[in-house]
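Structure record follows, encoded as structure tokens.
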Amino acid sequence: ELSARKNETLLEYASLENSRNRMSKFLLGQNLSDYYFIGIMEYFDEDVKQLGELMQWREFKIPKINNNYSFKSQLPEVTNAERLMLNKLNADDIELYNEMLTIRKKRII
């Protein structure tokens, strides 16, 4: 079965029930406001620094082990139609992500 999965398209993978809205399913029934801190990957350095301040950690450096620049250049282009379908398949995760961004924005202000 693994070899068959290698040839899946992005939309074939994204259409699988266990691939859809993964974070929303993982957090089902939980309230984000109950968490002390929520970080977002796009803001990793900033968020880890802020978490360190909140936790009163002594100063530290975040090592850069893998920046994924070479990996990103190998990714295929996603068309607007594919992006719309991905958004539809993962609407709950997009809503969750936007809620996390709102929480993060309030934390920074």
Item checked: Qualifying residues under side-chain hydrogen bond (donor to acceptor under 3.5 Å, both in side chains), relative to Gln50, sequence neighbours excluded -> Arg107

Next item on the list: Give a yes or no on whether Leu96 and Ile38 share a hydrophobic cluster (residues Ile, Leu, Val, Met, Phe, Trp, Tyr; joining criterion: side-chain heavy atoms under 4.5 Å apart).
Entry: yes

Distance-only donor-acceptor hits, side chain of residues 21-32, under 3.5 Å, sequence neighbours excluded:
unit_1, atom_1, unit_2, atom_2, d
Asn21, OD1, Ala91, N, 3.4
Asn21, OD1, Asp92, N, 3.0
Asn21, OD1, Asp93, N, 2.9
Asn21, ND2, Leu89, O, 3.2
Arg22, NH1, Tyr13, OH, 3.3
Ser24, OG, Asp92, O, 3.1
Ser24, OG, Asp93, N, 3.2
Ser24, OG, Asp93, OD1, 2.6
Lys25, NZ, Glu17, O, 2.5
Lys25, NZ, Glu17, OE2, 3.0
Lys25, NZ, Arg20, O, 3.0
Gln30, OE1, Tyr35, OH, 2.1
Asn31, OD1, Ser33, N, 3.1
Asn31, OD1, Ser33, OG, 2.9
Asn31, ND2, Ser33, OG, 3.3

Item checked: Test side-chain contact (heavy atoms from CB on, under 4.5 Å) applied to Arg83 and Thr79, step by step -> CA-CA 6 Å; Arg83 192 174 310 279; Thr79 67; over 6 Å; no

Check: What is the minimum heavy-atom distance between Glu12 and Asn7, and which atoms define it?
Finding: OE1-O, 4.0 Å

Next item on the list: Quick one: pull up CG in Asn98 and CD1 in Ile103 and give me the separation to the nearest 0.5 Å.
Entry: 11.5 Å

Check: Got a sec, which hydrophobics cluster with Leu84, joining ILVMFWY side chains under 4.5 Å apart, including via others?
Finding: none

Next item on the list: Let me see the working for Arg104 and Glu46 under salt bridge (Lys or Arg N to Asp or Glu O under 4.0 Å), right down to the final yes or no.
Entry: CA-CA 11 Å; Arg104 182 181 186 277; Glu46 296 169 42; 3.0 Å; yes

Next item on the list: Check salt bridge (charged side-chain N to carboxylate O under 4.0 Å, His left out) between Glu42 and all other residues, then give those that pass, not counting sequence neighbours.
Entry: none

Margin query: To the nearest 0.5 Å, what is the distance between CH2 on Trp57 and CG on Leu51?
Written below: 4.0 Å

Check: Heavy-atom count around Glu59 CD within 6.0 Å, excluding the residue itself: above 12?
Finding: no

Notebook entry, point to check: Are side-chain heavy atoms of Met55 and Phe37 found at a separation under 4.5 Å?
Noted result: no

Check: Who passes side-chain contact (heavy atoms from CB on, under 4.5 Å) against Phe44, sequence neighbours left out?
Finding: Met41, Val48, Ile62

Note to self: Nearest 0.5 Å, please: how far is CD1 in Ile40 from CG in Asp47?
What the structure shows: 6.5 Å

Check: For Leu11, what residues pass the side-chain contact (heavy atoms from CB on, under 4.5 Å) criterion, not counting sequence neighbours?
Finding: Thr9, Glu82, Met85, Leu86

